[in-house]
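Just the heavy atoms: all of them, side chains too, but no hydrogens, waters or symmetry mates, feed the values below.
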Amino acid sequence: MQLSSVNSKLAIDGGVPTRRAAFPKWPVFDEHEERLLLEVLHSGEWGALKGSKTAEFQARFAAYQEARFGICVPNGTLALELALKALGVRHGDEVITTPYTFVATANAAIAIGAVPVFADIDLDSYNLDPAEVEKVVTPRTRVILPVHMGGRPADMDALGAIATRYNLRILEDACQAWGSEWQGRRVGAIGDLGTFSFQSSKNITAGEGGAIVTNDEALAETCWSLHNVGRVKGGLWYHHEIVGWNLRITEWQSAVLLAQLERLDEQTERREANARYLIEGLSQVPGISPLQGDTRITRQSRHVFIMRYDPAAFGGRSRDQFIEALASEGIDPIAPGYVPLNRVPGIRRAMSENGEAAAHGLSNSADGLPELPACPRAEWASRNTVWLYQYALLGDRADMDDIVAAAAKIQRAWC
Ligand SMILES: *Cc1c(COP(=O)(O)O)cnc(C)c1O
């Protein structure tokens with residue numbers, strides 16, 4: 001990683017970029033996906049009701065997550081809605097979740113008439129801080145909804161203890177955590193239910209797709225019924241015991257997912273090895289601190305690689321300026337990450353329209369929308385974080401060296 005004085009000038013200032021080569025492409029696929037898709041085509045069984053691929057993938061994926069039951073649905077968002085419904089969450093019930101997540105986590109609660117309540121994160125993990133969760137439990141709380149952020153499992157021991165103490169259910173948003181493990185246990189079925197996403201950006205994808213896993217047979221039956229218009233397993237076709245949705249997926253998706261699942265372990269190992277190497281390298285750059293390991297996390301999917309950015313070490317330049325400079329150095333699989341959900345207009349508007357803002361005594365801020373309680377750490381994270389996307393971690397060590405070299409070059413130029 002030697003930098004000559006020739007290329008110490010930043011690319012944004014007209015210098016030579018650290019790198020011109022592209023990072024690995026996503027998605028990855030080969031003849032395996034092709035063969036399984038053609039099998040579905042020629043079988044004529046394109047729907048999950050008669051075809052075999054969805055049944056096979058559900059069983060394999062549940063086993064992969066060490067869960068007894070799995071049900072596929074069209075995406076991770078609907079998986080969350082269905083799971084909350086299956087847990088008996090009703091109108092006005094409160095669901096405690098993290099503000100540092102994709103908007104779908106909170107939207108799912110709102111979509112079924114419930115209220116998302118945000119508890120702040122821990123900045124060492126970017127996951128829910130259990131102490132903050134306990135502070136916002138009320139008699140209306142039904143569910144704790146942790147997100148395994150970037151594939152890093154939340155503290156399931158501490159959250160489990162809170163759930164037991166207050167008689168709450170746990171729904172794991174594992175939409176970024178395929179194969180991740182907390183203390184040797186795969187996530188998803190550690191809590192009551194867990195949801196997964198197979199959307200295009202995810203580490204295993206069919207373009208769109210989702211799944212729910214559980215070890216609880218009664219919950220699995222409720223989820224199955226909810227995803228199949230309220231039918232009962234083995235019951236009559238036009239017998240609908242409850243009101244459900246049609247949330248079945250197609251055999252096309254399951255064909256692709258079966259092939260993708262075969263590749264997942266090797267890719268996870270590669271991402272993890274690169275992530276560890278990158279943590280070492282970036283930790284040498286002043287002002288950059290990647291999230292460190294935790295011995296309780298025994299396996300991690302690495303959907304996004306998270307690093308914290310300290311503007312003070314970069315001459316006061318903002319995180320967004322740093323991202324711009326990195327991109328021009330040829331490091332482009334990067335993003336600033338989430339806006340904290342307590343600041344998202346759509347969520348605040350919904351809380352106004354459904355009367356919950358008034359019921360919770362929240363007043364409006366200058367933009368006319370209710371001001372949700374502050375989450376200072378998530379808000380800090382939204383300003384001072386850089387994400388590296390999962391596919392960048394599928395490269396080799398030289399790719400990681402380039403990322404470190406570019407960050408170091410920018411730091412030296414600006415400090
Ligand atoms: C991707 C994602 C979702 C939503 O999944 P979709 O399949 O895109 O609907 C929910 N939660 C988290 C944390 C996610 O990353």
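With values rounded to the nearest 0.5 angstrom, F102 atom CZ is found 8.0 Å from N107 atom CG.
Salt-bridge check for E39 with R35: passed, with a basic side-chain N closer than 4.0 Å to an acidic carboxylate O. With respect to E329 and K409, a salt bridge is recorded, a charged nitrogen being found less than 4.0 Å from a carboxylate O. Of the charged side-chain nitrogens involved, none lies within less than 4.0 Å of a carboxylate oxygen, so that E269 and R302 do not count as a salt-bridged pair. Taking the charged nitrogens against the carboxylate oxygens, R276 and E280 have no contact shorter than 4.0 Å, which rules out a salt bridge. Ion pairing between R348 and E371 fails under the 4.0 Å rule for side-chain N and carboxylate O. A salt bridge is defined here as a Lys NZ or Arg NE, NH1 or NH2 lying under 4.0 Å from an Asp or Glu carboxylate O, and R270 with D396 fails to meet this definition. Remark: R186 engages E181 in a salt bridge, criterion side-chain N to carboxylate O under 4.0 Å.
Within 6.0 Å of CD on E324 lie no more than 12 heavy atoms contributed by other residues, nucleotides or ligands.
A ring pair (Phe, Tyr, Trp, His ring centres under 6.0 Å) with H303 is found for one member of W178, W387, Y389 and no other, namely W178. Applying the side-chain hydrogen bond (donor to acceptor under 3.5 Å, both in side chains) test between W182 and each of T298, D157, D294 identifies D157 as the sole match.
Closest approach of I112 to K85, counting heavy atoms only: CD1-N, 4.0 Å. Of all heavy-atom pairs spanning A381 and T385, the tightest one is O-OG1, 2.6 Å.
Within the structure, the side chain to side chain donor-acceptor pair (under 3.5 Å) test picks out no pair touching residues 209-224 (sequence neighbours left out).
Cation-pi contact between R317 and F322: absent, since separation from the ring centre below 6.0 Å together with deviation from the ring axis within 45° is not met. A cation-pi arrangement, defined by a distance under 6.0 Å to the six-membered ring centre and an angle within 45 degrees of its axis, is absent between R152 and Y126.
Remark: N342 pairs with E379 by the side-chain hydrogen bond (donor to acceptor under 3.5 Å, both in side chains) rule, at least two apart or across chains.
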